[in-house]
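Structure first, commentary second.
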Amino acid sequence: MLLEIDRTTAAVDPAFRADVLAGLAMRPRAIPARWVYDRAGSELFEKITDLPEYYPTRTETALLAAHAGEVARLVGPGRALVEFGSGSSTKTPHLLAAIEPAAYVPIDISGDFLRASAAALAADFPKLPIIPVEADFTYPIEPPAGIATLPRLGFFPGSTIGNMVARTAVNLLRAMVETLGEGAMLLIGMDRVKSPDVLVPAYDDAAGVTAAFNLNLLHRINRELAGDIPIDAFRHRARWNEHEARIEMHLEAVRDVAFTVCGERFAMTEGETIHTENSHKYGPRDARLLLRAGAWTPVQEWTDAEGRFALILAEA
Ligand code: AVI
């Protein structure tokens, strides 16, 4: 039929296909979290950051607002500020206003998002040279010509480091040392270990936004990988894994279910899950140890009154 869309020949991201097929076939089943963040997933994540239960964003923003002056004093003048995974750059203005950097270099893998947020910041900081770099910052990046001779301050907010297992986090921190070069400093946000009574609701909110964010992965698989997964056969689960000190997001089958993805058949029994995201939490000593393993020396740290979240300044 002429008007029927041929789902078998639609453009498929081969890396997405490979990760989903391998992840559904492995035991326990797991699909890397990066596939949750398509456009709809990124919009849902922005909504998560405003939820009453999701304390990290507002706690970190308050810490930045309160301590940016002290950060400025410790890092000194004339640095280029390099933000890793800048996304919408919502926390950056506090820092830019306080440290008055010589240039701002937001790095993000999503070019559209990057250019839009760079343009928005340019309106508020008209004299600041802004040099967006579209790249995967998990590998060392050659600094743009405009900042080649400047000392650099890396900025990695949001506790995104927590979404990596320790080995990946250490590799990333070491890649940052290379990207930032001689005399570099790093300001990083890390979420602290705390009661599951606070952590679990932060990842399983009453309004169901985090559930929609997680289930969005199944919608994406159905749309992009010719899947026929019955979405109502799954529910969102957020679990605190005490041994690994992390929140885990899972998609749990609420009944026995069988489905097809890219022509491959899968069957899951009731209660079985697909693991979709980790969010590691760090106690004060673990945080410092992680930084040292990543070739950074902690210099100063700031936390809120309840010790929920930490902003840490380190030097290479
Ligand atoms: C992006 N990252 C820091 C979030 C976190 O808290 O681990 C991702 C997230 N997943 C569900 N809620 C938030």
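When reading the values below, keep in mind they use all heavy atoms of this one structure, side chains included, and skip hydrogens, waters and symmetry mates. Counting starts at 1 for both ligands and their atoms, in listed order.
If you check which protein heavy atom lies closest to atom 9 (C) of ligand 1, you get E277 OE1, 3.4 Å. Ranking protein heavy atoms by distance to atom 1 (C) of ligand 1, first place goes to N163 OD1, 3.3 Å. Of all protein heavy atoms, the one closest to atom 4 (C) of ligand 1 is Y54 OH, 3.4 Å. Nearest protein heavy-atom contact of atom 8 (C) of ligand 1 is Y37 OH, 3.3 Å.
Proximity to F213 (heavy-atom distance under 4.0 Å) selects the following atoms of ligand 1: 10 (N), 11 (C). The G158 neighbourhood of ligand 1 comprises atoms 3 (C), with distances under 4.0 Å to a heavy atom of that residue. Near S279, meaning under 4.0 Å from any of its heavy atoms, are these atoms of ligand 1: 5 (C), 6 (O), 7 (O).
Side-chain polar atoms of N214 and T276 form a donor-acceptor pair below 3.5 angstrom. For the residue pair S159/E60, the side-chain donor-acceptor check at 3.5 Å is not satisfied. Counted by atom type alone, E70 and W302 present one or more donor-acceptor pairs between their side chains at under 3.5 Å.
D204 places no side-chain N or O within 3.5 Å of a backbone atom of A238 that could act as its donor or acceptor partner.
Grouping Ile, Leu, Val, Met, Phe, Trp and Tyr residues whose side-chain heavy atoms lie under 4.5 Å apart, directly or via other members, leaves M26 alone, with no other cluster members.
Under the salt bridge (charged side-chain N to carboxylate O under 4.0 Å, His left out) criterion, D205 pairs with no residue, sequence neighbours left out.
Residue E100 places its CD atom among 12 or fewer non-hydrogen atoms of other residues, nucleotides or ligands, all under 6.0 Å distant.
Under the 4.0 angstrom criterion for non-hydrogen atoms, S159 is in contact with ligand 1.
For ligand 1, the polar-atom distance check finds no N/O of N278 at less than 3.5 Å from any of the ligand's N/O atoms.
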